[in-house]
There are 2 protein chains.
Amino acid sequence: MSAPRWLDDDQQRAWRAYLRMQGRLSAALNRQLQASCGLSLADYDVLVHLTDAAEGRLRPYELQRALDWEQSRLSHHLSRMHRRGLVEREECAEDGRGAFVVLTEAGREAITTAAPGHVETVRNLFFDVLSPDQVDALQRLATQVLTRLDAATGE
Amino acid sequence: MSAPRWLDDDQQRAWRAYLRMQGRLSAALNRQLQASCGLSLADYDVLVHLTDAAEGRLRPYELQRALDWEQSRLSHHLSRMHRRGLVEREECAEDGRGAFVVLTEAGREAITTAAPGHVETVRNLFFDVLSPDQVDALQRLATQVLTRLDAATGE
DNA sequence: GGCAGATACATGATGCATCATCTTCTGTCG
DNA sequence: CGACAGAAGATGATGCATCATGTATCTGCC
């Protein structure tokens, strides 16, 4: 940490632009989801994963890994979603500690209603201004950083 | 909104990778700052802007625009930073409604202490795995999206 | 001068994210 | 078998983000 290598001008600009974009983009997406159907981006993600799963059932720990969330965040979040009737909890026969999270009818309906508008917003605000090359570059970039993050947390 | 245009596979992959990267990256940066000096990323941003300003003083509304935050978020945040002794509030002579936020000694010291480690982490987790071209591409991409966001909120 | 609307900022309520900690159960090794 | 490490999950406390709303002040216009 001696002689802290600062960021050069290009990096500085890129970093600031990235931070600003990410803040405003997630704010905009959250607002749209919230306004149109009372869901947060986090709710949406949970629901998407449950919808993809067989019978809309998953063990919390599977959900946790799929979402890359902290365990306690997921647990709290599921409590709130349960309170709102979006998911149900069930006991797990094979593992006495465990549980299942199950999509309710209301949950399925919520995601079905929410999805088109959300996707449309993602398009409007993001993909519509990007070329296919840029999309590809972004995917590469994100993957590289994720690999680095995996390495860093595994250290 | 009829016939909702879905995202194609490349976009899907890019979007998921982006979301995942941004979630983990900001979590990692927050953790590092929090652990090393008790600041959040948000605190850091506020302090950076104050440090850049003449005499470490700014009107809240200037800070708000510089940060692209909601007004109420900033107000609450400044209250908490005040409670922790990082900033001071002062009355504004020219405008009776207004105020000034002033960096305290503790605030200046906090950012000075935090900066090297934070920059080092940003490098380690992000820029070290990217080529200059990728940095450039990111800056372009973010700028384009920001322009779109500006247009969308102005509508 | 005085009033209408806009601007600067604060506040209370609510949901969200993280940390530290607790409970219950499983699997393994002696 | 029994002990015990570790996994699955819940929970309380705290700080953060947003919404709705409130108050004081300013500015422009008649």
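All chains are named by letter (A, B, ...) in the order of the sequence lines, taking the proteins before the strands, and each is independently numbered beginning at 1. The structure presented is a predicted model; accordingly, all values stated were derived computationally and were not measured.
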Atom CG of B/D9: over 12 foreign heavy atoms under 6.0 Å:
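12 or below, so no.
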Measure [atom1]/[X] against [atom2]/[N] and give the value in whole Å, please.
X	N	atom1	atom2	value
B/E62	C/dC9	CD	C1'	14 Å
B/E90	C/dC9	CD	P	13 Å
A/E91	D/dA10	CD	C1'	14 Å
A/Y44	C/dC16	OH	P	17 Å
A/L78	C/dG15	CG	P	16 Å
A/H82	C/dG15	NE2	P	16 Å
A/N30	C/dC16	CG	P	10 Å
A/Q34	C/dC16	CD	C1'	11 Å

Going by number, which of residues 46-60 of chain A have a non-hydrogen atom under 4.0 Å from DNA chain D?
A/R59, A/P60
Backbone of B/V102 reached by a side-chain donor or acceptor of B/R89 within 3.5 Å:
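The answer is no, because no donor-acceptor pair under 3.5 Å joins these two groups.
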Please check this pair: side chain of B/T121 against backbone of B/L29, looking for a donor-acceptor N/O pair closer than 3.5 Å.
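Judged by distance alone, no pair lies under 3.5 Å.
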May I have all residue pairs that pass salt bridge (Lys or Arg N to Asp or Glu O under 4.0 Å) and include part of [range], sequence neighbours excluded?
range	answer
residues 17-26 of chain A	A/R20-B/D68, A/R24-B/D68, A/R24-B/D150
residues 98-119 of chain B	none
residues 77-88 of chain A	A/D43-A/R84

On DNA chain C, nearest-nucleotide positions of A/S40 versus B/S75: which is more 5'?
B/S75
Looking only at side-chain N and O atoms, does B/Q144 offer a donor or acceptor that is under 3.5 Å from a partner on A/Q134?
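Looking only at side-chain atoms, B/Q144 and A/Q134 do form a donor-acceptor pair, the distance falling under 3.5 Å.
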Just checking A/R83: base, sugar-phosphate only, or nothing, at a heavy-atom cut-off of under 4.0 Å?
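Here A/R83 touches no strand at all.
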Who are the ring pair (Phe, Tyr, Trp, His ring centres under 6.0 Å) partners of A/Y18, not counting sequence neighbours?
A/W15, B/F126
Per-nucleotide protein contact string for nucleotides 17-24 of chain C, where B marks a base within reach and S marks sugar-phosphate only (heavy atoms under 4.0 Å, - for neither):
SBBB---B
I'd like to know whether A/E120 forms a side chain to side chain contact (heavy atoms under 4.5 Å, CB included) with A/Q32, so could you lay out the CA-CA distance, the side-chain angles of the two residues, the decisive distance to 0.1 Å, and finally the verdict.
CA-CA 10 Å; A/E120 190 59 26; A/Q32 186 274 330; over 6 Å; no
